[in-house]
Amino acid sequence: MSEAAGILARLPRTVEWRDGDLYLLDQTRLPHEVVIERQDSAGQVFAAIRTLKVRGAPAIGVAAAYGLCVALRPFRSGTVAAFRDAIDAEATSLEAARPTAVNLAWALRRMRARAVNTKSTTAADLFDALLDEALHIHDEDQRLCLGIGLAGAGLIAAGSGVLTHCNAGALCATGIGTATAPMYIAHERGVPFRVYADETRPLLQGARLTAWELQRAGIDVTLITDSMAASTMGAGLVDVVITGADRVARNGDAANKVGTLGLAILARHFGIPLYIAAPSSTLDFDCLTGADIPIEHRAPEEVLEFGGVRTAPAGLKARNPAFDVTPHAFIAGIVTERGIVRPPFDVSLSALFGRDDHA
Ligand code: MRU
C-alpha cells in the first residue's frame, strides 16, 4: 500500500483502535480544529455516528465494528450466554444510528457472523475474536480504497477537470477514500488535473472536508457552491464527475449525498460522464432498485440555520433528505476495488461480485 501511505501520512486518522481503546476524529470540528476523541461507551459511538463526527459510508462501517467492541468490553468477564445476548442487543442498537449507508449494517452483520462461527468457551475469547474481525474490516477498508484508486486513476486525464460532491475522500473512509482515491493515485503519478468541490449544503462536507484534504495533498482544488455546478459544467471546465455512494442497489441505482441526482442530470445534459466510486462493502444486492434504499431525513434546523445561526424566518418548515438516488441510467460506470463496472449493472455487478462473496 505504498502509494497510499504517503497520502495518508498527511491526514489525521478517522478511526483508530489503539491500546484497547477506540479513537474517532471529530469531523464536525474540521477544518478549524483537529480533535480526536476517545470513545468510552456504545452510546458515545452511536452519537458520534448520528451527529456525523464520524461519517461517510466506509468510515461508519469500521467505526461500528469497533463500536461493538467498545459496547461489549463490560461483558468480557461474564458468561458466554450473556455476552452473546449483548452482541445482539448492542449491534441492533448501533445499527439504528443512520439508515442509508449500508456499510453500517454490513459491518455489524460480519461481526455477528464471526460470533456465530466462533465456538469460544469464554466471553473473553469471544471478545478477542470480534476485535480481530473489526481489525480485519478496518484493514480491508484501506485495501478497498486503494483498489478503487488503482482501478479509477485512468479516468483522470492530464489537464482535465473533475467535479465531486460531498466528501467521499480519505475522511469518509480509513484509506484514501472512494471518489478521491483515483484523484490521489493520479496525483501521485504526476498527472496534472483540477478538482471542483461542491460545497454540499446543508452540512458543507465539500467545503469543510473535501477541499481541506485535497488542499493538504497539494491537489488543485476549487470550491463552488452546489448551484454553481451547472455553470461550471457549461463553461467547459468539467470533463468527468466522480462521487461516492452510500448504497448501490443490484441494478446500479446509487444513493449518495443529496444533490448527486441533480449533478447526474446536469452531467447528462452536458455530455459529461458520471462515475460512482464504491467498494463492495457498499453494494446491497438485497435492494433490487434504488426505490428499496432507505433515505435518512435529518433535523430541519440543518436547513433553517447556517453554521448554527438562524437564516430563515421563525416558524418555517424545512425538508431535509440527506441523500438522493441516482438512477443507473445516468451512471457511466461504478468504480470498485475489482475494476470499473459498466452497464447493464444488474448483469455486470453480479458477475463481478457474486451474491455472497462480498458479504
Ligand atoms: O452524511 P455523510 O457525510 O455521511 O454523507 C456521506 C456521503 O454521502 C458520501 O458521499 C458517501 O458516504 C460516500 S463515501 C464513500
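Note: hydrogens, waters and symmetry copies are ignored here, and every other heavy atom, side chains too, is used. Counting starts at 1 for both ligands and their atoms, following the listed order.
With a 4.0 Å cut-off on non-hydrogen atoms, Ala277 does not touch ligand 1 at all. By the criterion of a heavy-atom distance under 4.0 Å, neither the backbone nor the side chain of Leu203 is placed next to ligand 1. Contacts between Cys166 and ligand 1 below 4.0 angstrom, taking non-hydrogen atoms only, involve the side chain exclusively.
The distance from ligand 1 to the heavy atoms of Cys172 drops below 4.0 Å at these ligand atoms: 14 (S), 15 (C). Counting atoms of ligand 1 from 1 in the listed order, those under 4.0 Å from a heavy atom of Gln205 are 1 (O), 2 (P), 3 (O).
Between Ala57 and ligand 1, at least one pair of N/O atoms sits closer than 3.5 Å.
Note on ring orientation: taking the six-membered ring where Trp is involved, the planes of Trp17 and Tyr66 are parallel (angle under 30°, cut-offs 30° and 60°).
Geometric assessment of Arg18 against the ring of Tyr23 yields a positive cation-pi assignment under the 6.0 Å and 45° thresholds.
Taking the charged nitrogens against the carboxylate oxygens, Asp246 and Arg55 have no contact shorter than 4.0 Å, which rules out a salt bridge. A salt bridge is defined here as a Lys NZ or Arg NE, NH1 or NH2 lying under 4.0 Å from an Asp or Glu carboxylate O, and Glu296 with Arg298 meets this definition. Under a 4.0 Å N-O distance rule, the pair Glu337/Arg143 does not qualify as a salt bridge. Electrostatic pairing of Asp132 and Arg114 counts as a salt bridge here, judged by a charged N lying under 4.0 Å from a carboxylate O.
The protein heavy atom nearest to atom 15 (C) of ligand 1 is Thr178 OG1, 3.1 Å. The single protein non-hydrogen atom nearest to atom 6 (C) of ligand 1 is Arg55 NH2, 3.5 Å, given as residue, atom name and distance. Remark: minimum distance from atom 10 (O) of ligand 1 to any protein heavy atom is reached at Asn256 OD1, 2.7 Å. The nearest protein atom to atom 7 (C) of ligand 1, hydrogens excluded, is given as Asp246 OD1, 3.3 Å; this is a heavy-atom distance.
Checking Lys257, Glu296, Arg298 against atom 5 (O) of ligand 1, the nearest heavy atom belongs to Lys257.
In summary, the side chains of Ser120 and Thr118 do not present any donor paired with an acceptor at a separation below 3.5 Å, with no hydrogens or angles considered.
Under a 4.0 angstrom heavy-atom cut-off, Ala101 registers as lying outside contact with ligand 1. Ligand 1 lies less than 4.0 angstrom from a heavy atom belonging to Gly56. Residue-ligand proximity: Arg98 is placed with a non-hydrogen atom under 4.0 Å from ligand 1. Taking 4.0 Å as the cut-off, Leu209 does not count as a neighbour of ligand 1 on heavy-atom distance.
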Show your reasoning for whether side-chain contact (heavy atoms from CB on, under 4.5 Å) applies to Thr100 and Arg98.
CA-CA 6 Å; Thr100 304; Arg98 293 190 78 188; over 6 Å; no
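Within a 6.0 Å radius of CZ in Arg13, no more than 12 heavy atoms belonging to other residues, nucleotides or ligands are found.
Side-chain atoms of Pro58 and Thr174, non-hydrogen and from C-beta on, never get closer than 4.5 Å to each other.
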